[in-house]
A.B. asks: 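Supplied in structure tokens, the structure appears directly below.
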Amino acid sequence: ALAIWHQLTKSEIPELAKASVLIRDRSRVEETIQAMQRAGPDALQVISDFDMTLSRFAHNGKRCPTTHNILDNDLLINDASKKMIRELLNRYYPIEIDATRTVEEKLPHMVEWWTSVHELLIQQKIRRDLLAQAVKQSSAMLREGYKVFFDRLQEQQVPLLIFSAGLGDILEEVIRQNHVFHPNVHVISNYMDFDQSGVLRAFKGQLIHTFNKREGALLHAAHFRELQERPNVLLLGDSLGDLTMADGVVHTQHTLTIGFLNDQVEERKESYVNSYDIVLVKDESMDVPNAILNYIT
Ligand code: TMP
Ligand code: MG
């Protein structure tokens, strides 16, 4: 196995040998990639988180906004609300990523965070016709190499399910403006409900936050028949909560998980390496997922 691994990293997927790549069980990763390669693109689906996974965590040392934070714009909300959204972020984001708390401890805080922000957005009467402009004015960016990633999946007709606790309307606009909202892309997220005059009045369906993606996955599983016929899953995320995104796929054969570790690296390294098959430390590119996809499709 070691010899094969050596060949896989050195000649086929040299990206896996980069210093920023951490792998707990190299033979498992190697075997999974080989099995996925043998089964080919028809057996594959990709399930990915959006914020801080497909989108960048930072660019030139500056944090990039999540889909919620793209709404932090004068076009859409007043100064008091902007301040409030930032305060909520400063209060709850450290809880979200805290390595010393369990998911159970975090849950009520996440519900509070999302609920407060969504209520605030409804109060501000956000207008649908201004969303595209707010996205244009924001510093949101997809990871380096995103176009190769989306285009290849489309070419190979591999479905890409984007599963986001962010805002569906905004993430769709981000990928549309980057010209990668291809027909193979499906989205599960929090969608806005507008009244007849195009003003936000509620959010549709069950709330999705960072740590209830399992429930969301099970709820939506039946709607994605096409995905049930593809037993191999490449999963991309940046939170430990993202690992449950494939729980709605009933008959999985091989699953390879890739986790972006963007923040609190030393505190969280161990738990990420124990949970994700491949961990990418402060890597703002899609190089590793692209190299793996290039090999298996
Ligand atoms: P994701 O599932 O696409 O990663 O989206 C969820 C992220 O959004 C999560 O990491 C927390 C973040 N978030 C904000 O940045 N601001 C907010 O106001 C809220 C509610 C969430
Ligand atoms: Mg995320």
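In listed order, ligands and their atoms are each counted from 1.
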A.B. asks: By salt bridge (charged side-chain N to carboxylate O under 4.0 Å, His left out), which residues pair with Lys147, not counting sequence neighbours?
C.D. replies: Asp151
A.B. asks: Which word best sums up how the rings of His182 and Phe150 line up, parallel for under 30°, tilted for 30 to 60°, or perpendicular for over 60°?
C.D. replies: perpendicular
A.B. asks: For His118 and His68, take the angle between the two ring planes, folded into 0 to 90°, and tell me which bin it lands in: parallel under 30, tilted 30 to 60, perpendicular over 60.
C.D. replies: parallel
A.B. asks: Would you say the side chain of Gln124 lies within less than 4.5 Å of the side chain of Leu71, judging by non-hydrogen atoms?
C.D. replies: no
A.B. asks: For the Mg ion (ligand 2), count the protein N, O or S atoms found under 2.8 Å away.
C.D. replies: 3
A.B. asks: Give, for atom CD1 of Ile258 and atom CG of Asp277, the distance between the pair rounded to the nearest 0.5 Å.
C.D. replies: 8.5 Å
A.B. asks: For ligand 1, list the protein residues that place a heavy atom within a distance below 4.0 Å of one of its atoms, sorted by chain and number.
C.D. replies: Asp49, Phe50, Asp51, Thr66, His68, Asn69, Leu89, Glu96, Trp113, Trp114, Val117, Ser164, Ala165, Gly166, Lys213
A.B. asks: Do Phe181 and Asn178 come close enough that some side-chain heavy atom pair is under 4.5 Å?
C.D. replies: no
A.B. asks: Tell me whether the count of non-hydrogen atoms from other residues, nucleotides or ligands lying under 6.0 Å of CD in Gln206 goes above 12.
C.D. replies: no
A.B. asks: Taking the side chain as every heavy atom from C-beta outward, state whether Gln157 and Asn184 have any atom pair closer than 4.5 Å.
C.D. replies: no
A.B. asks: Would you list the pairs meeting salt bridge (Lys or Arg N to Asp or Glu O under 4.0 Å) in which at least one residue belongs to residues 99-111, sequence neighbours left out?
C.D. replies: Asp98-Arg101
